[in-house]
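Notes to accompany the following structure.
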Amino acid sequence: MSDDQLLARPIVILGAPRSGTTILSQLLKLHPAVYLANEPRILWKYGNDSRSDALRAVHATPAIRSHIRREFASQMRTAERIRLVEKTPSNSLRVEFVDVVLDDCVFVHVMRSGVESVLSIREYWRNFSTGLVRNQLWVRLKEMKPSQMPHYAREFARRISGKFVPGVAGPSVWGPRPPGIVEMARDLDLLEVCAWQWRTCVESACRAGRELPPHRYTECRLDELDSEGLRKILQFCQLAPSDEVMAEHARRFDASASGSRSGGADPADVVRVRQLIAPTETWLATLVPVRRHLELA
């Protein structure tokens with residue numbers, strides 16, 4: 001099969017970090033037609049390594065587009081699957097760029113309570129913004145092209161030094177990189193940074209996604225991802241019903257768990273997060289719910 005055939009109607013999962021993108025991608029991964037590309041962060045930054053993650057359509061030059069598509073198609077051939085599912089939270093900041101690279105893709109935007117997401121994001125910043133996980137390092141090295149090595153060598157060095165000598169090499173960053181996040185991590189309280197990271201991802205994905213035709217973008221709430229909601233997502237993605245996917249959903253999914261983070265948090269932190277994300281929560285409440293194309297018939 002040609003690269004274009006292998007990359008027909010890929011499925012791109014959007015969402016701020018800690019919003020449910022992982023559980024949805026792991027469910028879809030079990031579909032017999034699906035190959036999951038799980039957070040190929042460095043592949044997406046090929047040719048734009050020195051930029052933030054907020055890439056625009058103009059940054060998807062023909063050479064960059066061809067390289068990323070070629071890599072995805074190669075992975076598809078190796079996996080012997082016919083539908084690509086891609087999950088990278090940073091793509092929430094660059095929907096236009098992704099849309100040029102994977103020009104007939106469909107987007108599924110997963111959202112979760114902002115308070116729960118932000119508190120969870122802060123935990124991951126604390127635990128994973130410094131140091132390197134050995135398996136993750138190997139994955140990144142395999143993903144990296146020689147031209148990218150100087151840029152990421154500096155990043156890896158900063159992460160390692162941050163583990164042992166905090167602050168010497170500047171702040172370490174975890175998750176999507178909107179413009180200015182390094183300066184914010186240096187100058188602001190961590191809860192402020194995490195709230196801003198969540199707000200930027202959610203607003204960027206919603207604004208860009210809603211500019212697309214209805215059959216190419218949909219939204220779902222993590223706490224509403226019951227079996228019927230999952231079936232609708234499969235239909236939206238034009239994936240056949242799958243016993244494997246539904247059985248794993250029944251085994252793993254617990255809607256009540258999506259609200260567990262705030263229950264054990266410092267009440268003052270919960271109040272602070274609500275204040276920090278209030279503009280985005282208010283804006284989201286004014287939006288007309290997205291209707292899937294299959295519901296428009």
Side-chain angles (χ1 to χ4, degrees), residues 11-29 36 38-39 53 85-93 95 107-128 174-176 178 190-210 217-233 236-237 248-249 252-267 269-290 292:
I11 301 157
V12 178
I13 299 175
L14 302 174
R18 312 302 300 155
S19 291
T21 59
T22 295
I23 189 169
L24 179 58
S25 65
Q26 291 299 315
L27 289 171
L28 295 185
K29 179 183 178 180
L36 172 64
N38 189 34
E39 301 196 23
D53 287 337
V85 170
E86 199 286 335
K87 190 272 286 190
T88 303
S90 298
N91 283 341
S92 298
L93 301 173
V95 172
F107 294 95
V108 180
H109 182 189
V110 187
M111 287 184 279
R112 179 188 183 190
S113 157
V115 172
E116 300 296 327
S117 293
V118 171
L119 291 172
S120 186
I121 290 169
R122 183 178 65 172
E123 180 178 332
Y124 270 65
W125 270 76
R126 286 172 168 172
N127 293 334
F128 300 112
W174 178 85
L190 181 56
L191 206 56
E192 292 181 85
V193 179
C194 297
W196 178 74
Q197 192 178 43
W198 177 83
R199 290 186 59 193
T200 306
C201 287
V202 170
E203 292 186 22
S204 296
C206 281
R207 292 182 192 280
R210 285 168 174 256
Y217 173 81
T218 194
E219 297 168 1
C220 66
R221 301 279 308 187
L222 177 62
D223 54 1
E224 298 174 356
L225 191 60
D226 57 12
S227 58
E228 182 58 27
L230 182 57
R231 288 189 184 95
K232 287 183 177 181
I233 289 174
F236 173 79
C237 296
E248 184 67 4
H249 175 275
R252 290 185 57 184
F253 185 70
D254 179 6
S256 64
S258 66
S260 61
R261 191 73 56 175
S262 60
D266 184 331
D269 284 347
V270 175
V271 171
R272 181 91 189 287
V273 173
R274 292 192 188 283
Q275 293 171 339
L276 291 168
I277 67 173
T280 299
E281 293 278 26
T282 301
W283 177 73
L284 287 172
T286 68
L287 297 179
V288 176
V290 167
R292 297 177 180 86

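Position 1 is the first residue of the sequence, and the numbers go up from there. Computed from heavy atoms alone, side chains included, the values below leave out hydrogens, waters and symmetry copies.
- Residues satisfying the side-chain hydrogen bond (donor to acceptor under 3.5 Å, both in side chains) criterion with Glu86, sequence neighbours excluded, are Trp44, Thr88, Asn91.
- With hydrogens and angles ignored, the 3.5 Å screen pairs no side-chain donor or acceptor of Glu219 with any backbone N or O of Arg210.
- Thr22 pairs by the side-chain hydrogen bond (donor to acceptor under 3.5 Å, both in side chains) definition with Lys87, not counting sequence neighbours.
- From Ile23, atom CD1 reaches atom CG of Leu222 across 6.5 Å, with rounding to the nearest 0.5 Å.
- Scored by the side-chain hydrogen bond (donor to acceptor under 3.5 Å, both in side chains) test, Asp269 finds Arg122 as partners (sequence neighbours excluded).
- Contact detail for Cys194 and Trp125: the closest heavy-atom pair is SG-CD1, 3.8 Å.
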Verdict with reasoning, Val193 to Ile121, per side-chain contact (heavy atoms from CB on, under 4.5 Å): CA-CA 10 Å; Val193 179; Ile121 290 169; over 6 Å; no
Derivation of the side-chain contact (heavy atoms from CB on, under 4.5 Å) call for Ser120 and Arg112: CA-CA 11 Å; Ser120 186; Arg112 179 188 183 190; 4.2 Å; yes
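- Atom CD1 of Ile233 is separated from atom CZ of Arg231 by 12.0 Å, given to the nearest 0.5 angstrom.
- Interatomic distance, Cys220 SG to Met111 CE, rounded to the nearest 0.5 Å: 8.0 Å.
- Checked against salt bridge (Lys or Arg N to Asp or Glu O under 4.0 Å), Glu281 has no partners two or more places apart in sequence or in another chain.
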Test log, rule side-chain contact (heavy atoms from CB on, under 4.5 Å), inputs Leu28 and Leu36: CA-CA 8 Å; Leu28 295 185; Leu36 172 64; over 6 Å; no
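- Annotation for Ala265 and Val270: closest pair CB-CG2, 3.9 Å, computed over non-hydrogen atoms.
- Summarising the geometry of Ser117 relative to Ser19, their closest heavy-atom pair is OG-OG, 3.3 Å, with the distance given to 0.1 Å.
- In this structure, Glu116 does not pair ionically with Arg18, as no charged nitrogen and carboxylate oxygen lie closer than 4.0 Å.
- From His109, atom NE2 reaches atom CZ of Arg221 across 9.5 Å, with rounding to the nearest 0.5 Å.
- Two rings, from Tyr124 and Trp174, have their centers less than 6.0 Å apart.
- A donor-acceptor pair under 3.5 Å is absent between the side-chain atoms of Glu39 and the main chain of Pro89, judged by distance alone.
- Atoms CD1 and CH2, on Ile277 and Trp198 in that order, are 4.5 Å from each other to the nearest 0.5 Å.
- Shown here are the side-chain contact (heavy atoms from CB on, under 4.5 Å) partners of Ser92, two or more places apart in sequence or in another chain: Leu14, Cys201, Ala205.
- Judged as a side-chain hydrogen bond (donor to acceptor under 3.5 Å, both in side chains), and not counting sequence neighbours, the contacts of Thr280 are Arg199, Glu203.
- Contact record, Val273 with Gly114: CG1-O, 4.3 Å, taken as the closest heavy-atom pair.
- Residue Ala16 comes nearest to Thr21 through the heavy atom pair O-CG2, 4.5 Å, listed as atom of the first residue, atom of the second, then distance.
- Distance CG/Leu190 to CD/Glu192: 9.5 Å, rounded to 0.5 Å.
- Here the closest non-hydrogen pair linking Cys237 and Val108 is SG-CG2, 3.8 Å.
- Ring pair Phe253/His249 is parallel by interplanar angle, where below 30° counts as parallel and above 60° as perpendicular.
- Without hydrogens or angle criteria, Thr286 side chain to Trp283 main chain gives a donor-acceptor distance under 3.5 Å.
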Stepwise side-chain contact (heavy atoms from CB on, under 4.5 Å) check, Asp223 with Ser113: CA-CA 8 Å; Asp223 54 1; Ser113 157; 6.0 Å; no
